[in-house]
Amino acid sequence: MQYQIKPVKRPLYLKEGLDYCNKLFELERKLAHMTSKERYKKRLEQSKPVLDAFLTWLNSKSKQVLPKSALGKAIAYCKNQWTKLKAFLLDGRLEISNNSGERVIKPFVIGRKNWLFSNTPKGATANDLNPFYYLTYLFEQLPNIDTNNLELLDAYFLWSTSLPNSCRKPQNK
């Protein structure tokens, strides 16, 4: 027996809202090759009218849907974030979304739970490291390396023999 997946039928107003967002991202893809000044001008010509129409649509729909419905909450959220949404119109160097920023901080967000238990200097001290100098070294070096390269990261762990002597506790003889 063969199963068929039927496309989900969404109400027209959901598609209409999504179409505004898709249009903005489509315009951004077309402007990606331009200088920031050119992108700024084109955004005002092309993206601003789409945003204005989207805001009009949001205001209209917010009066037609229940405020506590999923769509009502989404509309309220979008309207509350409107100044942040339209910020990309202010400067051609800005991106329409924060996806690249999210990707940059992802390793830290994922690691946060692991770091909750690293609140004492015992690990560094047990490996003959000065916690202050070791952390200073990490803060200076880690932003400049590919943190997805696990082999490269090995050189920065507490037990690494390749850590510089400046991170180590002085040895009493």
Side-chain angles (χ1 to χ4, degrees), residues 17-48 50-52 54-55 58 70 73-173:
L18 185 59
D19 286 346
Y20 285 111
C21 297
N22 288 338
K23 180 64 176 173
L24 289 168
F25 279 95
E26 176 188 328
L27 289 170
E28 282 302 299
R29 283 190 295 277
K30 291 177 181 176
L31 305 178
H33 69 282
M34 296 181 177
T35 67
S36 59
K37 287 183 181 182
E38 292 171 329
R39 191 176 308 116
Y40 171 74
K41 287 180 181 179
K42 289 291 185 183
R43 282 177 176 170
L44 293 180
E45 291 171 11
Q46 298 175 5
S47 299
K48 188 175 182 319
V50 175
L51 271 177
D52 292 342
F54 185 35
L55 183 58
L58 289 169
K73 288 178 184 178
I75 289 172
Y77 177 80
C78 193
K79 287 173 64 176
N80 288 336
Q81 301 298 318
W82 193 256
T83 55
K84 295 172 187 148
L85 173 63
K86 68 179 189 166
F88 79 104
L89 292 175
L90 302 174
D91 190 326
R93 295 171 295 179
L94 298 176
E95 293 184 27
I96 191 169
S97 76
N98 65 347
N99 289 344
S100 61
E102 294 279 344
R103 280 191 299 275
V104 169
I105 66 168
K106 186 177 181 179
F108 301 102
V109 174
I110 290 172
R112 185 172 36 213
K113 281 188 178 181
N114 298 333
W115 300 331
L116 288 174
F117 303 103
S118 62
N119 62 352
T120 67
K122 289 180 183 175
T125 306
N127 286 284
D128 292 324
L129 296 174
N130 178 311
F132 176 78
Y133 294 119
Y134 172 63
L135 289 172
T136 301
Y137 174 72
L138 291 180
F139 293 142
E140 290 171 350
Q141 298 297 314
L142 291 180
N144 301 314
I145 68 162
D146 178 8
T147 55
N148 293 319
N149 183 337
L150 298 180
E151 290 178 22
L152 188 59
L153 276 179
D154 281 344
Y156 295 91
F157 286 121
L158 292 168
W159 51 86
S160 173
T161 56
S162 63
L163 289 171
N165 287 333
S166 61
C167 294
R168 303 201 179 283
K169 289 192 306 189
Q171 297 297 317
N172 294 334
K173 294 185 179 185

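Quick note: numbers below take in every heavy atom, side chains included, and nothing from hydrogens, waters or symmetry partners.
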Exercise. With Y137, which residues qualify under ring pair (Phe, Tyr, Trp, His ring centres under 6.0 Å), at least two apart?
Worked result: Y156

Problem set entry | Given I145, L152, T147, the one that forms side chain to side chain contact (heavy atoms under 4.5 Å, CB included) with N149 | L152

Exercise. Hey, is K23 close enough to D19 for a salt bridge, meaning N to O under 4.0 Å?
Worked result: no

Problem set entry | Side chain proximity check, F54 to C21, heavy atoms < 4.5 angstrom | yes

Problem set entry | Sub-4.5 Å side-chain heavy-atom contact between L31 and Q46 | yes

Exercise. Among all residues two or more places apart in sequence or in another chain, which pass the ring pair (Phe, Tyr, Trp, His ring centres under 6.0 Å) test with F25?
Worked result: none

Exercise. Can you name the nearest heavy-atom pair linking R39 to G92, along with the distance?
Worked result: NH1-O, 2.5 Å

Exercise. Quick one: CG on N98 to CZ on R103, what's the gap to the nearest 0.5 Å?
Worked result: 9.5 Å

For this session: May I ask you to test the K41-L44 pair for a side-chain heavy-atom distance under 4.5 Å?
Result: no

Problem set entry | salt bridge (Lys or Arg N to Asp or Glu O under 4.0 Å) pairs, two or more places apart, involving residues 143-166 | none

For this session: Could you check if a side-chain atom of E28 sits within less than 4.5 angstrom of a side-chain atom of S47, using non-hydrogen atoms only?
Result: yes

Problem set entry | R29 CZ to I96 CD1 distance, which is reported to the nearest 0.5 Å | 10.0 Å

Exercise. Got a sec: does the OH of Y20 have more than 12 other heavy atoms crowding it under 6.0 Å?
Worked result: yes

Exercise. For the atom pair CG (L138) and CG (L163), what is the distance rounded to the nearest 0.5 Å?
Worked result: 7.5 Å

Exercise. Which value, rounded to the nearest 0.5 Å, describes the distance between L51 atom CG and R43 atom CZ?
Worked result: 10.5 Å

